[in-house]
Trainee: 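Have a look at this one.
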Amino acid sequence: MSAVGVIACGALARHVEEIARRRGWEVAVHPLPPGLHNRPRRIAPAVAGRLDALAGRYDRLAVAYADCGTLGALDGELEARGIARLRGLHCYDVFAAEDVARAAAEAPGTYFLTDFLVRSFDRTVWRGLGLDRHPELRDDYFRHYTRAVWLAQRPTPELRRGAEAAAGRLGLPLEVREVGDRGLERQLESLVRG
């Protein structure tokens, strides 16, 4: 297999590396900061900059991002270059699109957590949204949510405690759905094999 450079969302990079290693793919992962999710207008320019920096270094480039709130800007950037990305509106769609659709249909006010968000909740959500400095904003940000669903890729007791703590800080009940990373692996295979 030819060498592939994958520009990955920081929230997915660890999973992409693990899957590539397990499958024996010749893949180099180039993560972007996960904090870009808090400012999605910056995602497409950041990906474009990384694509420019990596041009000519790999047989092929791919992007391990869903749309992630870019409202099509990422697709516009990638289509112009003939580069593919993961399908889905958000990273959690990549892991479990059917579970996400079902959970959203059951309760439109569902806040999704992945293993990454559980591990980094304080940094990426709490401090990333300024709730450490302005805790009164929690109700403004999360008023319309009715529950948190942890889409667990590799659940451990420690991650479960983290998911419970995150949901508790948001004032939401927690539901756990073990989804693994099969959805991401299937999509990565398409990207890597072209």
Side-chain angles (χ1 to χ4, degrees), residues 1-101 103-105 108 110-117 119-120 123-125 128-130 141 151 153 179-194:
M1 183 181 304
S2 60
V4 179
V6 177
I7 298 163
C9 165
L12 297 177
R14 179 187 215 178
H15 296 283
V16 171
E17 289 172 341
E18 289 172 359
I19 291 167
R21 187 172 37 255
R22 184 175 72 240
R23 296 288 298 268
W25 295 334
E26 190 180 342
V27 168
V29 178
H30 299 272
L32 290 174
L36 288 172
H37 282 274
N38 291 339
R39 290 165 183 76
R41 286 188 305 258
R42 296 181 182 176
I43 293 173
V47 169
R50 190 63 57 95
L51 287 170
D52 291 341
L54 296 174
R57 291 181 47 191
Y58 297 96
D59 294 335
R60 189 170 65 260
L61 292 170
V63 174
Y65 261 94
D67 180 73
C68 298
T70 71
L71 303 175
L74 182 57
D75 288 335
E77 186 64 48
L78 298 178
E79 287 169 10
R81 298 169 185 253
I83 294 175
R85 72 161 173 89
L86 299 171
R87 292 182 314 277
L89 292 177
H90 304 283
C91 293
Y92 41 81
D93 288 329
V94 172
F95 286 114
E98 291 176 16
D99 284 282
V100 169
T110 299
Y111 183 78
F112 293 99
L113 295 165
T114 61
D115 289 5
F116 172 82
L117 277 175
R119 279 192 300 274
S120 67
R123 177 175 41 89
T124 58
V125 178
L129 294 175
Y141 289 154
L151 300 168
Q153 287 86 67
V179 299
D181 61 9
R182 293 176 309 279
L184 174 60
E185 186 168 350
R186 279 192 301 272
Q187 288 202 49
L188 274 178
E189 185 167 17
S190 296
L191 290 180
V192 169
R193 296 194 182 275

Trainee: If you take the centroid of each ring, where Trp contributes its six-membered ring, are Y58 and H30 closer together than 6.0 Å?
Mentor: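 Here the rings of Y58 and H30 have centres that are less than 6.0 Å from each other.
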Trainee: Taking all atoms of both residues into account, what is the closest heavy-atom pair of R85 and G88, and its distance?
Mentor: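 That closest heavy-atom pairing would be NH1-O, 3.2 Å.
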Trainee: Quick check: do L78 and Y65 have side-chain heavy atoms less than 4.5 Å from each other?
Mentor: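 L78 vs Y65: side chains apart.
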Trainee: Taking E77 first and then R81, would you say they form a salt bridge - that is, a charged N and a carboxylate O separated by under 4.0 Å?
Mentor: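 Looking at R81 together with E77, the answer is yes, because their closest N to O distance falls below 4.0 Å.
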Trainee: Check L74 against A66 and note the closest heavy-atom contact, atom names and distance.
Mentor: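 The answer is CD2-O, 3.5 Å.
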Trainee: At their closest point, which heavy atom of P34 faces which heavy atom of A11, and how far apart are they?
Mentor: CB-N, 4.0 Å
Trainee: First locate atom CD of E189, then atom CD1 of I19, and finally report the distance between them rounded to the nearest 0.5 Å.
Mentor: 10.5 Å
Trainee: Taking all non-hydrogen atoms of both residues, which atom of T70 and which atom of A44 are closest, and how far apart?
Mentor: CG2-N, 4.5 Å
Trainee: Would you say the side-chain atoms of N38 pair up with the backbone N or O of T124, donor to acceptor, closer than 3.5 Å?
Mentor: yes
Trainee: If you count heavy atoms of other groups shown closer than 6.0 angstrom to CZ of R119, is the number above 12?
Mentor: yes
Trainee: If we only count heavy atoms from C-beta on, is the L191 to V6 side-chain gap below 4.5 Å?
Mentor: no
Trainee: Do F95 and V100 have side chains that approach each other closer than 4.5 Å (heavy atoms only, starting at C-beta)?
Mentor: no
Trainee: Nearest 0.5 Å, what's the CG-CD distance between L12 and Q187?
Mentor: 10.0 Å
Trainee: For R23, does the CZ atom sit with more than 12 other heavy atoms under 6.0 Å from it, leaving out its own atoms?
Mentor: yes
Trainee: Starting at CG of L151, measure out to CG of L117 and round the result to the nearest 0.5 Å.
Mentor: 10.0 Å
Trainee: Locate the shortest heavy-atom distance separating H15 from D181; write the atom from each residue and the value.
Mentor: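 That would be ND1-OD2, 4.4 Å.
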Trainee: Which heavy atom in H37 sits nearest to a heavy atom in C68, and how many Å separate them?
Mentor: CE1-SG, 3.2 Å
Trainee: How far does CG of L32 sit from CD1 of I7, to the nearest 0.5 angstrom?
Mentor: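 Reported value, rounded in 0.5 Å steps: 6.5 Å.
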Trainee: Of the options L184, T114, L188, which is the one that meets V94 in a side-chain contact (heavy atoms from CB on, under 4.5 Å)?
Mentor: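 One option only clears the test, and that one is L184.
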Trainee: With sequence neighbours left out, write down each residue that passes salt bridge (Lys or Arg N to Asp or Glu O under 4.0 Å) with D99, or none if nothing qualifies.
Mentor: R102
Trainee: Can you list everything that forms a side-chain contact (heavy atoms from CB on, under 4.5 Å) with L89? Sequence neighbours excluded, please.
Mentor: D93
Trainee: Would you say that F116 contacts R14 through its side chain, given a criterion of any heavy-atom pair below 4.5 Å between the two side chains?
Mentor: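 The answer is no, as the side chains (C-beta and beyond) never meet within the 4.5 Å cut-off.
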Trainee: Would you mind telling me which of L61, L54, D59 makes a side-chain contact (heavy atoms from CB on, under 4.5 Å) with R57?
Mentor: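 The option that passes is L54.
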